[in-house]
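What follows is a set of notes on a single structure, which appears directly below.
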Amino acid sequence: RAVVAAYAGTTRTASTLAPALDALLVSRPGAAVWLLWPANVPCPGGLDRRPVGRIDYPVPDECGVPSERERAATLRRAAQDAVSSIAALEACAALVFTEPGREPYLPAYLCYLAGVPHRAAFSAEFGGRVLSAVFPPPDDEGAARHLELLRVSHSLLEAATARSAKCAL
């Protein structure tokens, strides 16, 4: 089954996701890994060269249309398209990688709406039902922060993979 690796951050730190993405690919040899990427952040070339799929998600502040009505319609369509694309993956889990100061809730919510049963991220706030596993943010930044999310969510990924394998039988 698929695993979604979502990113909530800026261009400045986007390339720091590469080591965690590589580790995720190694740790899930049979899984299809998909990036869920903010549409307003250019995806670094190094990430695009990895054997992963990519789905862009809309960012409300950056939709590029003049009127409020057009903006709302554009965001709604883009969000619906992202949710449909994620749902088609039938992903067993999503990890939302964030840079310090960013919250994981927009990509986590899209995964929730798409039916991804396990959604994990760092957050200092209450995650409600949008995140199924919330971990306190570490002091680390960059690649170390993303690798730490993989480490603390290891058992969640194992359980999600085991459940999805049973469902496939």
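Both backbone and side-chain heavy atoms feed into the values below; hydrogens, waters and symmetry mates do not.
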Where Val41 and Thr10 come nearest, the two heavy atoms and their spacing: CG1-C, 3.9 Å
Distance-minimising heavy-atom pair for Ala133 and Leu156: CB-CD1, 3.7 Å
Which atom of Cys43 lies closest to which atom of Arg54, heavy atoms considered: CB-NH1, 3.1 Å
Side-chain donor or acceptor of Arg119 paired with backbone N/O of Val130 under 3.5 Å: yes
Same apolar cluster: Tyr109 and Trp34, side chain cutoff 4.5 Å: yes
Min side-chain heavy-atom separation Leu17-Trp37 under 4.5 Å: yes
Any Val3 side-chain heavy atom under 4.5 Å of Cys92 side chain: yes
Taking every non-hydrogen atom, the tightest pair across Leu147 and Ala20: CD2-CA, 3.7 Å
By side chain to side chain contact (heavy atoms under 4.5 Å, CB included) - contacts of Ala121 (at least two apart): Val96, Pro104, Leu131
Heavy-atom check, side chain of Leu113 versus side chain of Ile86, under 4.5 Å: no
Tyr57 OH to Cys111 SG distance, which is reported to the nearest 0.5 Å: 9.5 Å
Criterion side-chain contact (heavy atoms from CB on, under 4.5 Å) on Ile55 and Val4, from CA distance to verdict: CA-CA 10 Å; Ile55 299 169; Val4 175; over 6 Å; no
Within residues 79-98 or reaching into it, pairs that qualify as side chain to side chain donor-acceptor pair (under 3.5 Å) - sequence neighbours excluded: Thr98-Arg145
Reported CZ-to-CG distance for the pair Arg50 and Leu21, which is rounded to 0.5 angstrom: 6.0 Å
Within one Ile-Leu-Val-Met-Phe-Trp-Tyr cluster: Leu89 and Val52, side-chain cutoff 4.5 Å: no
Ring geometry between Phe97 and His146 (parallel below 30°, tilted from 30 to 60°, perpendicular above 60°): perpendicular
Min side-chain heavy-atom separation Glu99-Thr16 under 4.5 Å: no
Selection residues 149-158 - residue pairs positive for side chain to side chain donor-acceptor pair (under 3.5 Å), sequence neighbours left out: Arg28-Glu158, Glu148-Arg151
Gap separating the CG atom of Leu35 from the CG atom of Asp56, nearest 0.5 angstrom: 9.5 Å
Shortest non-hydrogen separation from Pro58 to Ala82 and the atoms involved: CD-CB, 4.5 Å
Side-chain touch Tyr7/Thr13, heavy atoms, less than 4.5 angstrom: yes
Minimal non-hydrogen separation, Ala5 against Val33, with atom names: CB-CG1, 4.4 Å
same_hphob_cluster(Val59, Leu47) at 4.5 Å side-chain heavy-atom cutoff: no
Gap separating the CG atom of Leu149 from the CG atom of Leu24, nearest 0.5 angstrom: 9.5 Å
Min side-chain heavy-atom separation Phe122-Pro136 under 4.5 Å: no
